[in-house]
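FYI, side chains are in, hydrogens and waters are out, and symmetry mates aren't considered; it's all heavy atoms of this structure. Chain identifiers are assigned alphabetically (A, B, ...) following the order of the sequence lines, protein sequences preceding nucleic acid strands; residue numbering begins at 1 within each chain.
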Amino acid sequence: MNLFFSLVVIAVLIALPWLLVGAAGLDYLFGVIVPYVALAVFVVGLIMRVLQWARLPVPFRTPTTCGQQKSLPWIKPSRLENPHSTLGVIGRMLLEVLFFRSLFRNTRSELRDSSRLTYFADKWLWAGGLAFHWAFLIVVARHFRFFLEPVPWCVSVMEGLDSFFQVGLPIIYLTDVIIIAALTYLFFRRIINPRLRYISLAADYFPLLLLLGIAVSGVWMRYFDKTDIVGIKELTMGLVTLSPVVPEGISALFFVHLFLVSALLIYFPFSKLVHAGGVFFSPTRNLANNNRVKRHINPWDYPVKVHTYEEYEDEFRDVMKAAEMPLEKE
Amino acid sequence: MAEDVKKPEELIQIDYGPPKRSWMDPTVKFERGSYNYAAVKDNQEYLSLPFPRKWQPYEDDWQLPDGWEEIIFKGFKERLEKYRSLRIFMDICVRCGACADKCHFFIGSGDPKNMPVLRAELLRSVYRNDFTTAGKVLGKFAGGRKLTVGVLKEWFYYFYQCTECRRCSVFCPYGIDTAEITMMARELMNLIGISIEWIGTPVANCFRTGNHLGIQPHGFKDSIDFAVDELEELTGVRVEAPINKKGAEILFVAPSADYFASPHYYTLLGYLQLFHEIGLDYTWSSYASEGGNFGLFHSAEMMKRLNSKIYMEAKRLGVKWIIGGECGHMWRVVHQYMDTLNGPADFLEEPVSPFTGTRFENTRATKMVHISEFTADLIHHNKLKLDPSRNDHWRVTYHDSCNPVRAMGLLEEPRYVINSVCNNFHEMPENTIREQTFCCGSGAGLGTDENFEMRMRGGLPRANAVQYVHDKHDVNILLCMCAIDKATLPPLLEYWVPGVEVGGVHEMVGNALIMKGQHDRPTDLRGTPYEQDGKEGDDNV
Ligand code: HEM
Ligand code: SF4
Ligand code: SF4
C-alpha cells in the first residue's frame, strides 16, 4: 500500500515533464520556473527548519554515554564515546556524520534452538548507507562543473579520482555505479525484510525511489542518451547567472532529471530527509558528559511543590522523639 | 509468582514475524501478566495530580475526562516547545530499523510494537497528524494517526513496556532516545490522570516519608540499628551509623531498598563496615532516605519534587559533600538532572577524600560522589585491608545497570572494585555488557507482580547472558549496583537460570574487608559458613 502509493507518485513525477515538455512546449516552466521555485523552497524551508530547532531550549544535558566517564585520574576515559569536553564532542559528531559511528555498532540478534540468544555484527546497513551518502555527496559535488565557469580544479581532481578505474568510453564514474547499487540495496532491503516492510511508510519508499529516479535518469543521459551537454551547460549557467535561457534541442530526459531534482529539493525540508540537519542537534550526541562538573541551566525551570524538612518533622515529631532522633524543634 | 504463569519453555517460543495487520490499526489486549495496574486514587490526590479516579487498564471505560484529546494536544505542543530532544526525535527518524532488535522487550516478546522505532511511532504518528503539514493534508498516507481511545490504550500499554534503558539510543545513527520519548508520553498521559500504581505509590510514599515503602523515621532508624547489631554478630565489631547528625562531613544517601529488602541488605552491611573501618565522618538522613527517585518514571516535575530533599537536607545538616549508594536510576537523576533541577550546590564544598586527598574533580558542581568512585579510590591508594579469598565461594559476573552506563559512563570503577575483592570474575558476552548492557526488564516502574510475564520476557536477554557464563564458568552470583536490579533479578534468574544468586558490589567489599578488632568470621555477610579448609581464618587479626 505504502509502496504502491510511492510508486504512483514517482510515475506521475516522471510522466509530467516527459509528456508535457515535448508536447506542450512548456520548456520554460520545467527548465526555469520549477527549478527556481524548488531551490527557493529548499533554502527557505531548510533554514526555517534549522532555526526552529535551534530556537528550542535544551532543558537537560542528556548525552547517551557509550564509554568510560572521566572520573578518577588513573582510569582512562573514553574521549570519543563519552566525551567530556567540546573537543571530544566535535570528534564524536564527526565520527557520526562522516562515518556513521553508531550504525557501525549494529548487531543482529537471533534466538537459536529456542534457547540461546546470539548477536552477530551486521554491517550491511552501515556499508550500504555510507556508500549511498558518500556517493551522493560526490555526485552532487561533481555537478558543480555545470554551475561554475571555469570549472574549479578541485572538481576536476575529484572527477579524475572518481573515474580511476577507467573502462571504455565515456568515462564511467565509480560513484554512479555505487549510488545506484546502494540505493537499490536500501530499497530492496525495505521490501524483502519483513520487519522493515512492516515499519516502512510511504515516506520511506518515496525518497529512495526519487533518488533512484534521479540517479538512473542522470546515468541514462550520460551513458546512453548522449544528451547535448553544451546546451545543458548553457541552461545551467543561465540559471546561475540569473539570465535564464532554454536552448533548443535538449532532450526530454534531461527535463525529467531536472524535475525529479526539483521534487527532491521541495520534498527535502518537509520530510525525514531533514535528518541531514537534525543530526547535528541531537542532544544525546552533541553534548559533553560533564554533568557533575558544570551546571546546566534549564531556561524554563519553575518552582515546584516540595515537602520540606519542617513539614516532615511536624508530621513525625512524636515518633522521632520516641526513637531519640535529633529534632529541630523539641 | 502466580500459578498461571507460563513455563520458561513455553515463554521462549517467540514469534518474531510481524503480523499481517498494519501497525497503524491500534490493537491492544490487556492480558494478565503484561501490564501494570492503574495508580491509586488516594496517592494521586496526595500528590495533587489531575483527575484522580478509580480505574483499571483492563476495563473498557477508562473514565477519561471531558476534552482529554485537547488536554493531550496542548501538553504535546507545550513539550514540543520545551524540549529540543522531543522535536528532533519526532522529526528525524528515517526508520532504518537499526534499533529494532536492540530492545530487550522486542527480543523477549517478538511484539513489533516493542521495537523502539515503532514504540516511538506510536507517538510520532499522532505528532504527524497534529503538528505537520504533510500529516494534516495527507493523513494516513503521511503516516498520521488521530488520537483515539484505541491509540491512547496503545500508548499506555507500550510506554509502560519500556524501561527507559536507552539501549536503542546507543545504536541509533542520530541517537534517538526512545527512553526520552517514553518519558514524554508518560507525562502526556499523566495530564489526564493515567499512570500506574507502582509509580504513584512509591512516589507518594517518598514524598511523605522520604522513602518508597513509606517507612517512618523510627522505622528507618530501627532498620539501620538492626543492621548494626547484626554486623556486630557477624564480625564482632560494633560500627556507628549516625542518623540526621548535624555537622557531619558527608551525607550518605542510598536507595531505600538497601535497608529493607534482600539481597540489598548485604550491601548495606558492606557500606556500614567500610565507613566504620576508614573512620568516615558521615550521617544518614531519615528525611532524605531515598536516593532512588521514581519521579524520573513519572515526570520531570515529580523528579524535581522528590530530588529536592537531598540538597535541602545537605544544607540543613551542614555537611560538606555527599556520597550516593548503589542504585541505577538514582544515578541517572543525580548525574544528569540534579544540579539542573535543584542546584546550584554552592553551599557544599568540592568533594575531597579525607583519606587519600583525592579531589573528585568530576563532581565539582554537583558535589555528589558515587560510592564505587569513592571505594575504587580508597583501594587504589591501599587504604583498605582486603582478603579477596573470602569471596572465593562466589564465582561472579557483573551486570552493568542501564542508567549508570548509558547516562554517566560508570564502567571501570565497579570492575576495579570487584577485581580487588573477588578472585573469580567472569564477564558476560560483550554484546550484553558495558554500553550494550541489557536491562533487567523491570525498571522504570514496571517491576510488579501483575506484570510478571512481561518482566520475564524483557529480562530474557540478560538472563540468557547469565546462563552463558553460568554454563561456561560456573558463575553463581550476578553482581550489580542497582536497587531495582537487586529486587527484580532474583526472580528473573530463578525463572530462567536457577542457581545463580544476586548481590551487590559492596557486599563483596564487606566480605573481603578485614576489620580492626574483628573476631573470627566463620560466615560471609549472608551467614553462609565458610568451608573449614583452614584458608579463611588466616588473615584475621
Ligand atoms: C549530514 C548529512 C547526513 C548524514 C549524517 C546522514 C546520515 C544518514 C544515516 C546514518 C542514515 C541511516 C542509514 C541508511 O539508511 O542509510 C541515513 C538514511 C538516509 N539518508 Fe541520510 N544523511 C545525511 C544527508 C542526507 C542527504 C543530503 C540525503 C539525500 C538527499 C540523505 C538521504 C537519506 C535517505 C533517503 C536515507 C534512508 C535510507 C533508507 O530508507 O534506507 N541523507 N542518513
Ligand atoms: S535507529 Fe534511529 S533512525 Fe533508525 S529506526 Fe531507530 S530511531 Fe529511527
Ligand atoms: S529505552 Fe530500552 S526499553 Fe525503551 S525502547 Fe529503548 S531499548 Fe526498549
Side-chain angles (χ1 to χ4, degrees), chain A residues 5 53 56-58 60 62 64-72 75 82 100 102-103 105-107 109 111 114 117 119 194-196 198-204 270 272 274-275 278-279 281-285 289 291-296 298 300 304 306-307 309 312 316 319-320 323 325-326, chain B residues 12-14 17-18 82 84-85 87-88 91-92 94-95 97-98 100-101 107 112 117-118 134 141 143 166 169-175 177 207 216-218 221 244 287 301 304-305 308 316 335-337 339-340 343-344 362-366 373 377 406 408-412 431 435 461 464:
Chain A
F5 182 69
W53 289 326
L56 291 176
V58 182
F60 303 109
T62 53
T64 305
T65 59
C66 301
Q68 172 61 36
Q69 64 168 350
K70 181 173 159 61
S71 60
L72 298 164
I75 295 178
N82 187 351
F100 299 0
S102 291
L103 205 54
R105 291 194 185 96
N106 197 23
T107 55
S109 73
L111 181 61
S114 280
L117 281 167
Y119 311 92
R195 207 178 284 164
L196 273 164
Y198 192 68
I199 65 174
S200 291
L201 301 172
D204 298 315
F270 309 103
K272 72 173 193 180
V274 289
H275 67 272
V279 60
F281 289 93
S282 178
T284 59
R285 290 289 186 274
N289 177 33
N291 289 60
R292 279 185 289 160
V293 180
K294 227 174 135 218
R295 180 164 148 81
H296 181 88
N298 173 1
W300 49 259
V304 297
V306 298
H307 192 65
Y309 178 81
Y312 168 85
F316 296 114
V319 289
M320 289 175 80
M325 297 172 77
Chain B
I12 204 165
Q13 303 302 329
I14 302 164
K82 277 175 148 182
R84 186 188 286 168
S85 52
R87 186 95 205 195
I88 288 277
D91 282 340
I92 67 173
V94 297
R95 282 167 298 281
D101 59 353
I107 297 176
V117 48
L118 272 198
F141 285 112
R166 309 186 105 197
S169 169
V170 168
F171 292 90
C172 172
Y174 318 118
D177 183 5
F207 194 69
Q216 300 193 359
H218 56 302
K221 182 165 185 292
N244 299 352
Y287 166 69
E301 181 171 317
K304 178 169 168 148
R305 288 171 72 179
S308 63
R316 184 182 77 86
H335 185 76
Q336 291 200 326
Y337 294 102
D339 201 3
T340 304
N362 60 322
T363 67
R364 206 158 41 217
T366 306
E373 295 168 340
D377 175 64
R406 290 189 279 256
M408 185 170 167
L410 191 81
L411 297 171
E412 295 306 333
N431 290 113
E435 73 278 7
N464 215 257

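A donor-acceptor pair under 3.5 Å is absent between the side-chain atoms of T64(A) and the main chain of S169(B), judged by distance alone. The closest donor-acceptor contact from the side chain of T65(A) to the backbone of M408(B) lies under 3.5 Å. In this structure a side-chain-to-backbone donor-acceptor pair under 3.5 Å is present from K272(A) to V94(B). Side-chain N or O atoms of S102(A) include none that pairs as donor or acceptor with a backbone N or O of F171(B) at under 3.5 Å. A donor-acceptor contact shorter than 3.5 Å is absent between the side chain of N298(A) and the backbone of T340(B).
Heavy-atom distances place the side chain of R285(A), and not its backbone, under 4.5 Å from chain B. Contact annotation for L103(A): both backbone and side-chain heavy atoms come within less than 4.5 Å of a heavy atom of chain B. Interface remark: L196(A) contributes side-chain atoms only to the contact with chain B (heavy atom separation under 4.5 Å). Using a 4.5 Å cut-off between heavy atoms, S308(B) contacts chain A through its side chain alone, with no backbone atom that close. In this structure, the portions of W53(A) lying under 4.5 Å from any heavy atom of chain B include both its backbone and its side chain. At a 4.5 Å heavy-atom cutoff, the contact between Y312(A) and chain B is made by side-chain atoms alone.
Of the residues considered (R305(B), E301(B), E412(B), Q216(B)), R305(B) shows the highest number of contacts with chain A, using heavy-atom pairs under 4.5 Å. Each of N244(B), I107(B), L411(B), D377(B) has some count of heavy-atom pairs under 4.5 Å with chain A, and the biggest count is that of L411(B).
P217(B) places a side-chain heavy atom less than 4.5 Å from the side chain of F316(A). At a threshold of 4.5 Å between non-hydrogen side-chain atoms, the residues N291(A) and D339(B) do not count as touching. Side-chain atoms of Q13(B) and S114(A), non-hydrogen and from C-beta on, do get closer than 4.5 Å to each other. Using a 4.5 Å heavy-atom threshold, the side chains of I14(B) and L111(A) count as touching. M320(A) is not listed as a side-chain neighbour of H218(B), based on a closest heavy-atom distance of 4.5 Å or more. In this structure, K82(B) and V58(A) have side chains that are not in contact, with every pair of non-hydrogen atoms separated by 4.5 Å or more. For the pair R292(A)/R364(B), no side-chain contact is recorded, criterion being any heavy-atom separation below 4.5 Å from C-beta on. Within the 4.5 Å cutoff, the side chain of F281(A) has heavy atoms near those of the R84(B) side chain.
Residues meeting the salt bridge (charged side-chain N to carboxylate O under 4.0 Å, His left out) test with K70(A), sequence neighbours left out: none. Residues that satisfy the side chain to side chain donor-acceptor pair (under 3.5 Å) test with N431(B), not counting sequence neighbours, are Q436(B).
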Check against side-chain contact (heavy atoms from CB on, under 4.5 Å), Y119(A) and D101(B): CA-CA 10 Å; Y119(A) 311 92; D101(B) 59 353; over 6 Å; no
Stepwise side-chain contact (heavy atoms from CB on, under 4.5 Å) test for R166(B) and T62(A): CA-CA 11 Å; R166(B) 309 186 105 197; T62(A) 53; 3.7 Å; yes
Derivation and outcome, side-chain contact (heavy atoms from CB on, under 4.5 Å), residues R105(A) and C172(B): CA-CA 9 Å; R105(A) 291 194 185 96; C172(B) 172; over 6 Å; no
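H275(A) and D91(B) are not linked by any side-chain donor-acceptor pair at a separation below 3.5 angstrom, with hydrogens and angles left out of the test. E435(B) and Q68(A) share no donor-acceptor pair across their side chains, judged by distance under 3.5 Å alone.
For R195(A) against A100(B), the heavy-atom pair with the smallest separation is CD-CB, 4.2 Å.
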